[in-house]
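Excluded from the calculations below are hydrogen atoms, water molecules and symmetry mates; all remaining heavy atoms, backbone and side chain alike, are included.
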Amino acid sequence: MFMKETLQLIKKLVKIPSPSGNTEKVISFVESYLKDFQVKMKRNHKGGLIVTIPGKNDSQHRMLTAHVDTLGAIVKDIKSNGRLMIDLIGGFNYNSIEGEYCQIETSNGQVYTGTILMHQTSVHVYKEAGKLERNQKNMEVRIDERVHNAQDVRELGIEVGDFISFDPRVEITTSGFIKSRHLDDKASVALLLDLIKKISLESIELPYTTHFLISNNEEIGYGGNSNIPIETIEYLAVDMGAIGDGQATDEYTVSICAKDSSGPYHYGLRKKLVELAKKHNIENKVDIYPYYGSDASAAIRSGHDLVHGLIGPGIDASHAFERTHTTSLEHTAKLLYCYVLSEMNI
């Protein structure tokens with residue numbers, strides 16, 4: 001029952017457009033979800049949400065973070081053919097969004113649909129269509145409106161700077177998979193929301209005052225680098241585990257990161273997470289993510305004196321057509337629960 005509800009929560013989250021820079025709707029959804037659980041909430045000036053649950057020890061704090069912002073795009077130019085040139089938001093390749101349905105949101109809130117295509121898509125017209133580079137010059141948004149030129153587009157209210165979000169195409173399979181864009185990192189957001197709900201409804205006393213940051217700028221590098229109370233000692237980012245050749249991470253266990261592009265995570269905290277997993281029969285994989293950064297690494301880079309760590313469910317095809325299995329979500333949820341009830345190694 002727990003995982004069924006979690007999957008439905010993930011489904012709701014990924015369907016809310018929230019490219020970095022335009023996350024008001026999804027943060028409001030999170031606030032609404034948490035309002036019945038009697039937890040202290042506040043927004044930071046960046047638009048993220050901080051939830052605080054008092055603990056037995058209020059002089060030493062923990063912070064956990066997951067991010068609701070996603071990859072996306074922004075209108076770079078309105079082309080003479082009535083199509084849109086785009087600029088990417090976040091770290092991904094143009095080929096990963098070719099053929100994707102999208103939404104364009106104007107500054108006054110009007111939403112239009114479209115498709116991201118190569119300008120030279122038709123093989124009946126462009127002989128070299130398959131060989132051409134997928135880049136900003138060649139790719140464009142075909143708007144689902146009757147437009148013939150830039151003026152027609154502007155009359156719809158679309159302008160440079162309008163946000164573009166991608167259709168998540170979320171699906172839950174009978175075999176236990178959930179596949180969707182934006183599982184990075186809305187799967188982990190759902191796990192933190194479930195954890196907050198459990199702590200509240202079961203009146204669980206945490207050993208330390210614990211903050212949960214739902215950040216909204218992680219994909220552009222600085223979602224979790226501020227608003228960290230001075231009392232915070234341990235800072236755990238809950239993000240995705242990256243899957244690929246040479247990686248230990250899979251779709252069925254919780255991934256515990258030893259190192260990413262920012263360098264090693266705190267060795268003591270990493271060992272503690274592995275020990276908790278072993279003690280509680282939580283299936284896990286320790287891994288290194290070579291081209292990756294998290295809100296925890298952003299916090300360290302910004303000068304905070306913290307013990308930092310990173311865990312998350314294993315996500316296949318990250319920053320593209322993502323997928324994970326319910327067992328990975330379950331093991332991540334169990335490790336999070338055991339972690340917030342554990343003693344600090346200080």
Identify whether NZ of Lys or CZ of Arg in Arg323 sits under 6.0 Å from the centre of the six-membered ring of Phe177 and within 45° of that ring's axis.
yes

Could you go through the ring pair (Phe, Tyr, Trp, His ring centres under 6.0 Å) check for Tyr235 and His308 one step at a time?
CA-CA 5 Å; Tyr235 187 107; His308 74 312; 8.5 Å; no

Report yes or no: is the cationic atom of Lys198 (NZ for Lys, CZ for Arg) under 6.0 Å from the centre of the six-membered ring of Tyr337, at an angle within 45° of the ring normal?
yes

Under the 3.5 angstrom rule, does the side chain of Lys334 hit a backbone N or O of Asn281 as a donor-acceptor pair?
no

Go through the side-chain N and O atoms of His67 and Asp184 and say whether any donor and acceptor fall under 3.5 Å apart.
yes

Aromatic rings Tyr289 and Tyr292: how do their planes relate, parallel, tilted or perpendicular, breaks at 30° and 60°?
tilted

Compute whether any side-chain donor of one residue and acceptor of the other, for His182 and Asp185, lie under 3.5 angstrom apart.
no

Taking all non-hydrogen atoms of both residues, which atom of Asp287 and which atom of Thr249 are closest, and how far apart?
OD2-OG1, 2.6 Å

Between Leu192 and Thr65, which heavy-atom pair has the shortest distance, and what is it?
CD1-C, 3.9 Å

Tell me yes or no: between the side chains of Arg169 and Tyr101, is some donor less than 3.5 Å from an acceptor?
no

With no hydrogens and no angle check, just 3.5 Å: does a side-chain donor-acceptor pair link Asn217 and Asp69?
no

Please determine, by modelled atom types, if Ser18 and Lys186 share a side-chain donor-acceptor pair under 3.5 angstrom.
yes

Any sub-3.5 Å donor-acceptor pair from Asn138's side-chain atoms to Glu133's backbone N or O?
yes

Full working for side-chain contact (heavy atoms from CB on, under 4.5 Å) between His319 and Glu219
CA-CA 10 Å; His319 281 197; Glu219 294 293 358; 3.4 Å; yes

Apply salt bridge (charged side-chain N to carboxylate O under 4.0 Å, His left out) to Lys137 and list each qualifying residue two or more places apart in sequence or on a separate chain.
none

Just checking, Lys35 and Phe37: is the charged tip under 6.0 Å from the six-membered ring centre and within 45° of the axis?
no

Is Arg62 positioned over the aromatic face of Phe212, cation under 6.0 angstrom from the ring centre and no more than 45 degrees off axis?
no

Heavy atoms of other groups near Asn108 CG, more than 12 under 6.0 Å:
yes

What closest approach, in Å, do Thr253 and His331 show between heavy atoms, and which atom pair accounts for it?
CA-CD2, 4.2 Å

